[in-house]
Amino acid sequence: MALDLTIFQTIVPSRFLSFTIPHPTLPTHLLRVAILDSPTPSTESPQSAALFVPLNRESDWIFSTESGHLQLLLSSPGISRLILICKNPINDTFDSLYKKDDDTQFVKSLVNRLNPLFIALSPKNYGKDEIFDVPILEYVDNLISSVVLERCRGVFVGEMVIEDVEIENDSESREFRRRLRFKRMPNLIQTEIRVVPETSNGLDCVMIGGELEFRPDLGVLVHPYFTPMMASLSLASCHIEDRIRKGLKPRALCLGVGGGAILSFLRTQLGFDVFGVEMDEEVLRVARQYFGLENSGIQVFVGDALEFLETIAGQRGSSNLVSSKAEGNYVNHAFGTDCKFDVVMVDLDSCDPRTGVSAPPLELIQRHIVSALRTLLCDFGIMVMNVIPPSRPFYDTVLSIFRESFHDLYEIDVGNGENFVLIANMSPVISSVSNSQNTFLKKLKEVILGKYLDSIKKI
């Protein structure tokens, strides 16, 4: 059936259409065309733009889903209609090795031939017959190459993808990462760790997607906000040092596990006993299989973190039995007579991206939840939380509610335009030992970037 091009003369807010056309230079192949109109188009001069999907990334959720398409459009100021062009994949989960150098020839071979189509698919200026120019956008990220290791589905988080990538960096050395992403938030990297190849022959011949195995490097944090979260421990360093000098290990509770990089770092680099809560058992399987999450010294419970938090807080140290409900079953564990923690780290994202809040979920920003969170901390403990606020008023509300339950609030601006690390302490920061004598603080400075220690700001 022939496509009626007249339907594209005007913008229809949030309209999403996709179809295939013959490849202009390869008659036996097809191209996929996807068109999305802005939810809030310009009323005066609706502008369209075209974007060629990088070759062999056609099944990436950033390009193959409507939500990913919307995020691309919203990141292109002034564009009311975005037209995506890509090879038509064999199926929705077709994965190939991506190499950045392959893109240039693909675009060059098509851009001139498809220009008449872009014009035909562009809206006419209201009240005029003229068509706006159709700029060709370039998708830019730091990927040099990538390959999907596995696609799977969790009961709660939905579809996931695990991939190995090589990225560009400022140094001359090559940098390899492993990533976990969720389809529900297609442009967000949920967890990223550094991986190193199992070879002694140097990196010149190493290639992502080859037969060579890569192993997790648990001694380095590369995800943008993970290092600032670790830097927050400096505010409790004197208390942690006192605990270590008494022969006790510091204790951390992590609400939200993901790939487990934070839990592994706390355990292997800083010597914590670590407890984690993760809603989705499949996420834990992925963390253990691909991201190096170990069982030794790290105990993880499957269940809803908010329910788990309230359950533990309700015990108030009077019972050593903790129950967390997950899929109709209960996970029981004896914490001992002391169910207090030196640090509680909260890294939870919203399960409903339509709320506009990525982290934390709205359900956590309630007075009784924050009060329950407070009861988990020892007298000089700290709460550390990843925050991605959709607006300043939302962030101010978060600060106001936490200020009611905690003594002081601190903040680290991650510097990526998205994340803030919020730190709340139970009691004033104390200095029972000097910094030069504080072995824990020395260790912390050895394993994280010093710039984040210096950027902690009281608010």
Side-chain angles (χ1 to χ4, degrees), residues 59-62 64-65 68 92-93 95 97-98 143 146-167 176-198 208-209 213-226 229 254-268 274-305 308 324 326-327 329 331 345-351 353 358-359 361 386:
S59 61
D60 192 313
W61 296 321
I62 298 172
S64 64
T65 66
D92 290 340
T93 58
D95 295 308
L97 175 66
Y98 163 72
L143 282 191
S146 67
V147 65
V148 171
L149 302 179
E150 183 182 342
R151 289 179 182 266
C152 53
R153 176 184 288 274
V155 173
F156 295 100
V157 304
E159 292 183 58
M160 297 178 280
V161 63
I162 304 97
E163 58 192 357
D164 278 352
V165 303
E166 181 178 358
I167 65 167
F176 302 97
R177 306 276 179 87
R178 182 163 294 163
R179 292 174 171 176
L180 171 65
R181 293 193 290 122
F182 297 160
K183 185 176 183 179
R184 70 185 187 200
M185 306 179 82
N187 280 11
L188 178 70
I189 299 170
Q190 206 282 336
T191 295
E192 184 172 49
I193 64 170
R194 190 169 79 173
V195 291
V196 294
E198 297 278 12
I208 288 289
E213 295 290 330
F214 289 79
R215 59 176 174 79
D217 182 357
L218 302 179
V220 178
L221 293 173
V222 295
H223 208 51
Y225 63 89
F226 285 179
M229 290 186 79
C254 297
L255 301 180
V257 172
I262 287 179
L263 287 77
S264 295
F265 194 88
L266 284 167
R267 177 59 182 170
T268 62
V274 184
F275 303 85
V277 183
E278 171 58 52
M279 178 180 289
D280 203 306
E281 196 161 10
E282 182 68 359
V283 172
L284 293 182
R285 194 272 302 175
V286 167
R288 292 181 175 120
Q289 180 173 344
Y290 293 102
F291 292 85
L293 182 66
E294 300 286 349
N295 291 324
S296 176
I298 300 176
Q299 301 183 58
V300 181
F301 309 96
V302 179
D304 182 274
F308 194 88
S324 178
E327 298 181 88
N329 298 317
V331 179
M345 291 198 169
V346 182
D347 187 16
L348 301 171
D349 60 46
S350 173
C351 293
S358 294
N386 173 41

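In this chain, residues are counted from 1 in sequence order. Remember, it's a predicted structure, so these values are computed and weren't measured experimentally.
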From [X] [atom1] over to [Y] [atom2], what is the distance, rounded to the nearest 0.5 angstrom?
{"X": "Asp304", "Y": "Glu278", "atom1": "CG", "atom2": "CD", "answer": "10.0 Å"}
{"X": "Leu266", "Y": "Leu218", "atom1": "CG", "atom2": "CG", "answer": "12.0 Å"}
{"X": "Arg285", "Y": "Leu293", "atom1": "CZ", "atom2": "CG", "answer": "13.0 Å"}
{"X": "Cys254", "Y": "Arg267", "atom1": "SG", "atom2": "CZ", "answer": "13.0 Å"}
{"X": "Ile162", "Y": "Gln289", "atom1": "CD1", "atom2": "CD", "answer": "7.5 Å"}

4.5 Å side-chain heavy-atom contact, [X] and [Y]:
{"X": "Phe291", "Y": "Val286", "result": "yes"}
{"X": "Ser146", "Y": "Arg179", "result": "no"}
{"X": "Val196", "Y": "Arg215", "result": "yes"}
{"X": "Ser59", "Y": "Arg151", "result": "yes"}
{"X": "Arg177", "Y": "Ile189", "result": "no"}
{"X": "Arg178", "Y": "Leu149", "result": "yes"}
{"X": "Tyr98", "Y": "Asp60", "result": "no"}
{"X": "Val257", "Y": "Leu263", "result": "yes"}

Which atom of [X] lies closest to which atom of [Y], heavy atoms considered:
{"X": "Leu221", "Y": "Ala261", "result": "CD2-O, 4.1 Å"}
{"X": "Gly258", "Y": "Ala287", "result": "O-CB, 3.5 Å"}
{"X": "Ala305", "Y": "Val277", "result": "CA-CG1, 3.8 Å"}
{"X": "Phe275", "Y": "Phe301", "result": "CD2-CE1, 4.2 Å"}
{"X": "Glu282", "Y": "Cys152", "result": "OE2-CB, 3.6 Å"}

- Message: Given 3.5 Å as the limit, does a donor-acceptor pair link the side chain of His223 with the main chain of Ile262, or not?
- Response: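 Judged by distance alone, no pair lies under 3.5 Å.
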- Query: Does Asp280 use its side chain to pair, donor to acceptor, with the backbone of Val155 at less than 3.5 Å?
  - Reply: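 Yes, Asp280 side chain to Val155 backbone: donor-acceptor pair under 3.5 Å.
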- Item | Identified salt bridge (Lys or Arg N to Asp or Glu O under 4.0 Å) counterpart of Glu159 within the set Arg184, Arg181, Arg153 |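 That would be Arg153; it is the only one of Arg184, Arg181, Arg153 passing the salt bridge (Lys or Arg N to Asp or Glu O under 4.0 Å) with Glu159.
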- Can Phe176 and Phe214 be said to form a side chain to side chain contact (heavy atoms under 4.5 Å, CB included), step by step? CA-CA 9 Å; Phe176 302 97; Phe214 289 79; 3.7 Å; yes
- Going through the distances and angles, do Gln190 and Met160 end up as a side chain to side chain contact (heavy atoms under 4.5 Å, CB included)? CA-CA 10 Å; Gln190 206 282 336; Met160 297 178 280; over 6 Å; no
- Item | Derivation of the side chain to side chain contact (heavy atoms under 4.5 Å, CB included) call for Asp347 and Leu255 | CA-CA 6 Å; Asp347 187 16; Leu255 301 180; over 6 Å; no
- Task: Carefully, step by step, assess Val165 and Ile208 under the rule side chain to side chain contact (heavy atoms under 4.5 Å, CB included).
- Result: CA-CA 7 Å; Val165 303; Ile208 288 289; 5.8 Å; no
